[in-house]
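Written out below as structure tokens is the structure these notes cover.
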Amino acid sequence: MAVHNVDIARAFEELADLLELDEANPFRIRAYRNAAQTLRGLDTEVVDLVRSQHELSELPGIGKDLASKIRDYLETGHIELLDELHRTTPAVATELLRLPRLGPKRAKALYEKLGIHTLEQLHRAILDGRLDELSGFGPAIKRDLLHALETKPTGATRTPLVTATVYVGALVAHLKRAPGIEAVTVAGSYRRSQETVGDIDIVATARDHKPVIEWFTHYDEVAKILAAGPTRATIQLRSGLQVDLRVVSAESYGAALHYFTGSKAHNIAIRAMGQKRGLKINEYGVFRGAKRIAGVTEEEVYKSVGLPYIEPELRENRGELEAAAAGQLPHLLEPRDLKGDLHTHTSATDGHNTLREMVLAAKERGHAYIAITEHSRHVTIAHGLDPGRLHKQIDEIDRLNEENLGIAVLKGIEVDILEDGKLDLADAVLGRLDLVVGAIHSRFNLSRAKQTERILRALDRPHFSILAHPTGRLLGEREPYDIDMPRVIAALKERGAFIELNAHPERLDLTDVHCRLAKNAGVLVSIATDAHRVQELGYLSFGVGQARRGWLERIDVLNTRPLRELRTLLARTMGRSEGALGGKAVEHEHSRGTSH
DNA sequence: GCCGTTTTCGGCCCGACTGTTTTCAGTCG
């Protein structure tokens with residue numbers, strides 16, 4: 001049985017829950033949660049670390065004891081302490097913890113004092129009035145519990161970043177008109193460019209807080225006011241999205257922004273650093289005793305603990321603090337660094353705009369190049385191209401390039417990687433192209449070994465440039481298929497091929513962790529939109545956000561290269577030497593020679 | 001249970017708000 005880091009992380013999180021019910025030392029509980037977080041953020045499977053004789057206790061938050069529990073889990077599939085807690089705690093316990101307003105104390109009271117062992121029993125007990133016997137269960141809590149039990153679980157409650165931007169834009173515009181408002185900034189996971197957001201956190205400054213809070217809770221898209229105090233309020237929008245507003249004075253702006261941007265793990269680490277210097281850091285500032293010594297800007301907060309400014313996308317406590325202390329923070333990719341798009345579709349297959357419309361729209365966005373990469377015939381639902389129709393499109397692109405439109409159009413294909421690892425079009429056909437983007441669109445449920453083998457075989461073909469949306473996940477809809485990513489990335493490196501970060505906001509596949517893996521292996525990442533209509537060419541910004549979360553710099557990204565250099569790199573993946581390029585695309589190079 | 005610019009023992013981030021309480025538990029970030 002293959003054990004993945006997420007499996008161990010889940011086990012540790014469950015252990016933490018069960019220990020909490022057991023009223024264990026809170027710091028011991030936190031140690032399990034910290035270790036789980038470390039495991040989720042690792043770019044290497046611990047099973048491989050063990051195999052290569054690495055000392056697990058060198059990982060942050062993992063000491064002798066947890067290292068030995070990890071080894072137990074790898075060897076036996078069990079952790080003795082977890083099994084023991086399962087024996088002494090009813091199975092319903094962890095289900096109860098997931099209900100609103102139920103923490104360890106109330107959950108424990110339910111199964112110990114009322115003998116509740118299923119959610120159905122809890123439902124009945126509330127209706128029968130049996131909860132009245134217990135203290136700590138007032139009318140509001142019973143109402144919320146009933147509501148939670150009677151509405152079916154919605155599954156993923158996180159909102160894709162792209163959806164959130166729509167509501168956030170309108171709400172921020174509303175807040176900027178609030179009486180006495182000075183500044184409004186969206187913080188939280190939104191500011192950190194997480195692929196999905198649980199809720200929206202907004203920091204505002206104003207001399208008088210109350211009118212701003214009132215302006216906020218009276219926004220006309222508010223469905224429900226969940227909380228409203230003198231400095232903070234929480235609302236639920238009609239869309240279901242929850243929004244927190246925190247109003248502070250201008251002198252606390254940087255501290256509040258830092259605090260509300262998170263992540264929680266990053267903040268805890270920063271505060272612990274402050275503590276060692278005799279400082280207290282909260283959302284109002286950095287304090288030595290009663291004296292505020294910083295807090296107007298985030299830079300000040302970092303400076304108070306001896307660090308340079310850290311970009312929000314890096315704030316996950318995954319090594320950014322150590323990098324900052326060593327002066328080795330990455331110089332993150334900027335949107336303007338991208339010179340073009342290497343994965344797009346047109347109405348020749350399942351796109352909505354013509355070739356010319358896509359090309360002109362890309363030029364309008366300032367791109368120096370765009371690659372047209374239609375589906376191949378195996379993807380029948382997209383009306384994928386057969387050799388005849390591909391040849392026709394190649395000729396069409398050649399003619400378009402002869403018009404000197406001020407943008408280079410690259411001839412590509414998003415060729416299907418078939419189940420046996422063959423490509424959907426013959427080598428002779430693919431050989432006419434500037435680049436071959438390979439992707440999986442079927443048989444997602446193969447075993448890890450078979451799925452990996454399938455991709456590795458495809459990489460052995462004479463023409464293969466970029467592996468597109470490498471795990472096929474669709475946020476909230478489809479789980480990633482199971483592949484051995486380190487092995488795939490090593491194979492891409494060996495072949496001199498590239499990996500895609502699909503910027504479509506429902507894909508964003510590579511993940512941040514895999515971006516770092518590619519970067520460290522020296523495999524260039526292609527950030528591409530997979531646009532099926534001209535508007536979607538704007539999705540590149542989501543890809544940039546994800547790339548920044550993955551520590552990518554300009555030098556790590558394929559399509560930051562000017563056209564001539566890009567052509568050279570692509571030609572190698574097509575089995576050609578640099579001079580012998582297919583077609584006669586006109587080259588437009590605006591940025592050649594810019595130094596890094 | 002982890003960890004070490006005071007420490008191998010004794011610390012471990014911090015505060016707002018709600019509900020059910022009269023000092024606290026739970027949740028959130």
Side-chain angles (χ1 to χ4, degrees), chain A residues 12 15-16 19-20 23-38 56-70 79 81 96-109 131-132 134-145 187-192 194 197-203 209 213 225-235 242-248 252 255-287 301 305-306 315 317 325:
Chain A
F12 281 177
L15 255 168
L19 285 170
E20 214 167 0
E23 292 174 68
N25 177 346
F27 298 109
R28 184 180 171 211
I29 295 165
R30 186 191 295 169
Y32 281 98
R33 296 201 202 281
N34 287 343
Q37 208 221 341
T38 293
L56 292 180
S57 58
E58 279 168 19
L59 296 171
I62 292 171
K64 250 180 149 176
D65 182 89
L66 292 187
S68 115
K69 285 193 170 73
I70 292 173
I79 298 173
L81 176 62
L96 292 175
L97 287 180
R98 280 193 281 275
L99 290 172
R101 310 212 183 240
L102 286 191
K105 294 293 187 317
R106 290 192 185 116
K108 204 173 172 186
L131 261 62
D132 303 347
L134 299 176
S135 71
F137 289 88
I141 289 180
K142 280 185 290 197
R143 186 194 59 216
D144 287 355
L145 281 176
S189 47
Y190 187 91
R191 182 165 178 240
R192 302 202 313 279
Q194 281 220 321
V197 297
D199 63 1
I200 298 295
D201 304 292
I202 301 179
V203 177
H209 300 170
I213 297 282
I225 300 171
L226 299 172
T231 68
R232 174 179 184 163
T234 305
I235 58 170
Q242 195 169 308
V243 186
D244 271 25
L245 174 71
R246 185 63 177 268
V247 188
V248 297
S252 298
L257 190 55
H258 179 261
Y259 161 71
F260 259 80
T261 296
S263 66
K264 188 175 173 178
H266 176 90
N267 285 357
I268 288 175
I270 289 286
R271 287 173 178 197
M273 288 179 75
Q275 207 176 35
K276 280 187 190 133
R277 293 163 181 254
L279 303 174
K280 186 175 74 170
I281 302 176
N282 59 28
E283 60 264 55
Y284 298 109
V286 180
F287 298 87
V301 175
V305 293
R315 300 182 194 172
N317 196 20

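Below, chains carry the letters A, B, ... as their sequence lines are ordered, and counting in each starts from 1.
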Which nucleotide, B:dC12, B:dC2, B:dG15, lies nearest any side-chain atom of A:Ala31? B:dC2
What contact category does A:Ile225 fall into here, base, sugar-phosphate, or nothing, at under 4.0 angstrom with non-hydrogen atoms? nothing
Which nucleotide wins on minimum distance to the side chain of A:Ser135, given the candidates B:dT21, B:dG26, B:dC13? B:dT21
With a non-hydrogen cut-off below 4.0 angstrom, is A:Lys142 in contact with a base, only sugar-phosphate, or nothing? nothing
Got a donor-acceptor contact below 3.5 angstrom from the A:Ser189 side chain to the A:Arg192 backbone? no
Nearest nucleotide by nearest heavy atom, which residue falls closer to the 5' end of DNA chain B, A:Lys280 or A:Gly138? A:Lys280
With a 4.0 Å cut-off on heavy atoms, is A:Arg232 in touch with a base, just the backbone sugar-phosphate, or nothing at all? base
Can you say whether a donor on the side chain of A:Asn34 sits under 3.5 Å from an acceptor on the base of B:dG1, or the other way round? no
Backbone of A:Leu226 reached by a side-chain donor or acceptor of A:Thr234 within 3.5 Å: no
Distance check, P atoms only: B:dC17 and B:dC13, in whole angstrom units. 23 Å
Is A:Gln275 near enough to B:dG11 that one of its side-chain N or O atoms lies under 4.0 angstrom from OP1 or OP2? no
Using atom P of each nucleotide, how far apart are B:dC28 and B:dT23 to the nearest Å? 26 Å
Taking NE2 from A:His209 and P from B:dG15, how many angstroms apart are they, rounded to a whole number? 17 Å
Is A:Arg277 touching bases, backbone alone, or none of the nucleic acid, heavy atoms closer than 4.0 Å? nothing
Between C1' on B:dC2 and CD on A:Glu58, what's the gap in Å once rounded to a whole number? 15 Å
Nearest to the side chain of A:Pro139 - B:dT20, B:dG1, B:dG26? B:dT20
Mind checking if A:Leu66 touches a base, just sugar-phosphate, or nothing, with heavy atoms under 4.0 Å? sugar-phosphate
Whole-Å distance between B:dC13 C1' and A:Asn317 CG? 13 Å
Within the structure shown, what part of the strands sits under 4.0 Å from A:Leu102 by heavy-atom distance: base, sugar-phosphate, or nothing? sugar-phosphate
Rounding to an integer number of Å, can you tell me how far A:Phe137 CZ sits from B:dT21 P? 10 Å
Separation between the P atoms of B:dT5 and B:dG1, rounded to whole Å: 23 Å
Using modelled atom types and a 3.5 Å cut-off, is there a donor and acceptor pairing between side-chain atoms of A:Arg277 and backbone atoms of A:Val305? yes
With heavy atoms under 4.0 Å as the rule, sort A:Pro26 into base, sugar-phosphate or nothing. nothing
Walk me through it: do A:Phe287 and A:Asn282 pass the test side chain to side chain contact (heavy atoms under 4.5 Å, CB included)? CA-CA 8 Å; A:Phe287 298 87; A:Asn282 59 28; 3.3 Å; yes
Tell me whether A:Arg33 is salt-bridged to A:Glu20, with the criterion being a basic N under 4.0 Å from an acidic carboxylate O. yes
Dump every N/O contact between nucleotides 3-9 of chain B and the protein below 3.5 Å, one line per pair.
| unit_1 | atom_1 | unit_2 | atom_2 | d |
| --- | --- | --- | --- | --- |
| B:dC3 | OP1 | A:Gly61 | N | 2.8 |

Quick one: CD1 on A:Ile281 to CD1 on A:Ile268, what's the gap to the nearest 0.5 Å? 12.5 Å
Just checking A:Ala187: base, sugar-phosphate only, or nothing, at a heavy-atom cut-off of under 4.0 Å? nothing
Nearest whole Å is fine: how far is B:dA25 P from A:Leu97 CG? 16 Å
Mind checking the P distance from B:dT22 to B:dG15? Whole angstroms is fine. 25 Å
Under a 4.0 Å heavy-atom cutoff, the residues of residues 256-265 of chain A touching DNA chain B are A:Tyr259, A:Phe260, A:Lys264
Just to confirm, is there a sub-4.0 Å distance from OP1 or OP2 of B:dA16 to any side-chain nitrogen or oxygen of A:Tyr284? yes
Side chain of A:Lys105 - closest among B:dA16, B:dG26, B:dG1: B:dG26
Tell me whether the side-chain N/O atoms of A:Arg271 come closer than 4.0 Å to OP1 or OP2 in B:dC13. no
With P as the reference atom in both, quote the distance from B:dT6 to B:dC12 in angstrom, rounded to an integer. 15 Å
Tell me the interatomic distance from A:Asn25, atom CG, to B:dC2, atom P, rounded to whole angstroms. 12 Å
Looking at A:Val286 and A:Leu279, what are the two nearest heavy atoms and their distance? CG1-CD1, 3.9 Å
Pick base, sugar-phosphate or nothing for A:Asp244, based on heavy-atom distances below 4.0 Å to the nucleic acid. sugar-phosphate
How is A:Ile281 classified with respect to the nucleic acid when contacts are heavy atoms under 4.0 Å: base, sugar-phosphate, or nothing? sugar-phosphate
Report the nucleotide, chosen from B:dC2, B:dG19, B:dC12, that has the shortest atom-to-atom distance to any side-chain atom of A:Ile141. B:dG19
Starting from C1' on B:dA25, measure out to CZ on A:Arg106 and report it in whole angstrom. 6 Å
Please pick, from B:dG19, B:dC13, B:dC17, the nucleotide with the shortest atom-to-atom distance to any side-chain atom of A:Pro230. B:dC17
So A:His266 and A:His258, do their side chains get closer than 4.5 Å, heavy atoms only? yes
Give a yes or no on whether the backbone of A:Phe137 and the side-chain of A:Arg106 come within a donor-acceptor separation of less than 3.5 Å. no
With rounding to the closest Å, how many angstrom separate the C1' atoms on B:dC14 and B:dT21? 23 Å
Nearest-0.5 Å distance that lies between atom CZ in A:Arg315 and atom CG in A:Asn267: 8.5 Å
Could you state the interatomic distance from CG (A:Leu145) to CG (A:Leu99), rounded to the nearest 0.5 Å? 6.0 Å
For B:dC17, which nucleotide is its Watson-Crick or G-U wobble mate, given both distances must be under 3.5 Å? B:dG26
A:Ile213 CD1 - B:dT18 C1' separation (whole Å): 15 Å
Gap between atom CG of A:Leu19 and atom CG of A:Asn25 - 0.5 Å precision: 10.0 Å
Side chain of A:Arg246: nearest nucleotide among B:dT20, B:dC2, B:dA16? B:dA16
Please tell me if A:Asn282 has a side-chain N or O lying less than 4.0 Å from either OP1 or OP2 of B:dG15. yes
Do A:Asp201 and A:Arg246 sit within salt-bridge range, that is, some charged N less than 4.0 Å from a carboxylate O? no
Can you work out whether A:Leu226 or A:Gln242 has the more 5'-proximal nearest nucleotide on DNA chain B? A:Leu226
